[in-house]
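Atom set for the values below is all heavy atoms of this structure, side chains included, hydrogens, waters and symmetry mates excluded. Numbers restart at 1 for each chain; the letters A, B, ... are given by sequence-line order, proteins then strands.
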Amino acid sequence: MALKLYNTLTRQKAEFQPIDPKNVRMYVCGPTVYDFAHIGNARPVIVFDVLYRLLRHIYGPEHVTYVRNITDVDDKINARAAERYPELAPEIGIRKLTDDTTAQFHKDIAALGVLPPNVEPRATEHIVEMVQLCEALVANGHAYVAADHVLFDVAAMPDYGRLSNRSLDEMEAGARVEVAPYKKGPMDFVLWKPSKPGEPGWPSPAGITVPGRPGWHIECSAMAGKHLGNVFDIHGGGIDLTFPHHENEIAQSRCAHGTPVMANVWMHNGFLQVEGEKMSKSLGNFVTINELLTQCVGDVIRHLMIQTHYRQPIDWTQNGLASSQLELLSWSEFISERCGEVAEPAIAGGACDADLISVLQDDLNSPAALTRLRELFGLAKAGKLSWQDFLANARFLGFKNLHRPGFFHPHIMGNVFESGPQPNLQDQRLFLQYRSAIANGDVSLAETSLQATRLRGFRLKINEEGVVFVGNLTSAEFSDLQIETNREINSRIARRSAARKAKDFKESDRIRDELAAMGIALKDTKNKDTGEIETTWEVMR
RNA sequence: GGCCACGUGGCGGAGUGGUUACGUAGCGGACUGCAAAUCCGCGUACCCCGGUUCAAUUCCGGGCGUGGCCUCCA
């Protein structure tokens, strides 16, 4: 089956035909860097990561160019920088804010298993290209200068509004925005505007003498043009960007370059709600990726995200996260049993499943891909498929911690020593935060969490499988909790086995309950060869 | 007001003009001293009202509900 994609431009699913199969080009609108990225920002990042992986699979990794920009010039950035760094010169404060926020963004999405794009251009490094675009548009009559602004003349473009399916008449009729007096047409939009004092500014195009700065849309036209050419294959982003952002990008790029399209395929991911409500700062239900990563491993977020088709709305809930985590737990328990002591399986081998690729090729049907992965899981459990093959497919979908089941347990292991303080809810949250920090590779958060728990009288230890052990030894020679713990657990299991042999079930059940109170679950299995009963343990679900 | 999505079993979530996807929870069974884990089995869902059709959850029309854009928010 060939790759089919839904195209907002045509409102149809159609077979994807790359302009050049040796260089498939995709542009996705990235974040404006002024604050922590939220879960809504994570959606396009994950969705188009799946597409990127699929394209690389089909055309070869070296034949795909993925560009995702960083918007680092914006009113919100200016305002935030002035607020946070009032003592710094504006350009220094802005640079610091955008650098820090970009670094944070990278850290957050790395935990989500997202591959880095081939190019990640910053708007401020493409001012020259933006100025050139403005010049070209003024020169060919698609833009005009008024009051030190460069404005796009919407009336000069016959099919303006095609992407968002709007006519100029409708938009003007329904427009709620006040029209600036210098605009020729009410829908004309800004390509370049004069900088106010204290705002970043650059030499202006088109004979404007005062310094200025770019409008919102022009940056993407400039960056896409520079890195992907005047016409490229796929342009993606959130559905809210369809109008005006993408519509205006198209207008600028096409009119500047004289091309019939900017990108052949336009893809838009659906919106996201939180616990049934729209996410907004005023409602106080703003969920940042960073915050989520203190509760769970990035794989869990990814699982929940791709379980819904990218064009469907998602209601993001705590409940959903928990069930995603549970499924990942069962996969990871299987994997860790099979791969044994290989802590960092640089697992060789494992092939991509044709059916999984096939459903993914149907407009990126990631939920169906997950269903296929579940079938593969069943086959692997039944011994009809190697665990490496299953793992390879899971990794293709971006899950990267399946060899560490400890990361997916709903709880961390309970208190294995009986004296001293018992953890309360807040402590347990800290334990989880520590585990997540380790899982997501956040070294500084891990250290902070460790310190905090230490102050509260607990000691944490995490093993290769991601299982966190908690003790409250007060001794300064707190050596190796894991060894202590294993010794403790094994001796209790031995006592229980003896009791069972003696048919003292009251005693054996008592020991099992005791272990359960520590968060340890026992499993009795019959050894197939010897017929002996063997007891294994794991952290409780 | 204009334009546009979405509404599936307890929950999550694909898909289809006629044959109970899938996951999870729940229930029943096997196994077990009892559990847990595992394995096997079970649920006959598609917002409402009309229409088209031999047949609609799936197509068409209307309604209701939720959400998005038209306000530089993915």
Taking the C1' atom in each of B:rA45 and B:rG13, what is the distance between them to the nearest angstrom?
12 Å
Earlier contact from the 5' end, RNA chain B, for A:R311 and A:G30
A:R311
With rounding to whole Å, what would you report as the distance between B:rC46 and B:rG15 at their C1' atoms?
11 Å
Distance check, P atoms only: B:rG61 and B:rC22, in whole angstrom units.
33 Å
Once you apply a heavy-atom cut-off of 4.0 Å, does A:L272 come out as touching a base, just sugar-phosphate, or nothing?
base
Could you work out the separation of B:rA25 and B:rG7 based on their P atoms and round it to a whole Å?
25 Å
Name the residue closer to the 5' end of RNA chain B, choosing between A:S330 and A:A368 according to the nucleotide with the nearest heavy atom.
A:A368
Between A:R213 and A:D75, does any NZ, NE, NH1 or NH2 come within less than 4.0 Å of an OD or OE carboxylate oxygen?
yes
Sugar-phosphate only, base, or nothing, as touched by A:D240 at under 4.0 Å among non-hydrogen atoms
base
Polar side-chain contact A:T371-B:rA14 base: donor and acceptor under 3.5 Å
no
Using the C1' atom as the reference point in each nucleotide, state the distance between B:rU52 and B:rA14 in Å, no decimals.
27 Å
By the 4.0 Å heavy-atom rule, please label A:R43 as base, sugar-phosphate, or nothing.
nothing
With sugar-phosphate meaning primed atoms plus P, OP1 and OP2, does A:T242 contact a base, only sugar-phosphate, or nothing at under 4.0 Å between heavy atoms?
nothing
In this structure, how many angstroms lie between the P atom of B:rU38 and the CD atom of A:E333, rounded?
8 Å
All salt bridge (Lys or Arg N to Asp or Glu O under 4.0 Å) counterparts of A:R122, not counting sequence neighbours:
A:D72, A:D99
Are B:rG68 and A:F271 stacked, with the base six-membered ring and the side-chain ring centres under 5.5 Å apart and planes under 30°?
no
Using the 3.5 Å cut-off, write out each protein N or O paired with an N or O of nucleotides 31-36 of chain B and the distance between them.
from: B:rG33; atom 1: N7; to: A:R500; atom 2: NH2; distance (Å): 3.4
from: B:rG33; atom 1: O6; to: A:R500; atom 2: NE; distance (Å): 3.2
from: B:rG33; atom 1: N1; to: A:D509; atom 2: OD1; distance (Å): 3.1
from: B:rG33; atom 1: N2; to: A:D509; atom 2: OD2; distance (Å): 2.9
from: B:rC34; atom 1: O2; to: A:R512; atom 2: NH2; distance (Å): 2.6
from: B:rC34; atom 1: N3; to: A:R512; atom 2: NH1; distance (Å): 2.9
from: B:rC34; atom 1: N3; to: A:R512; atom 2: NH2; distance (Å): 3.4
from: B:rC34; atom 1: N4; to: A:D524; atom 2: OD2; distance (Å): 3.3
from: B:rA35; atom 1: N6; to: A:D524; atom 2: OD2; distance (Å): 3.4
from: B:rA35; atom 1: N1; to: A:D524; atom 2: N; distance (Å): 3.4
from: B:rA35; atom 1: N1; to: A:D524; atom 2: OD2; distance (Å): 3.4
from: B:rA35; atom 1: N3; to: A:R512; atom 2: NH1; distance (Å): 3.0
from: B:rA36; atom 1: N1; to: A:D524; atom 2: O; distance (Å): 3.2

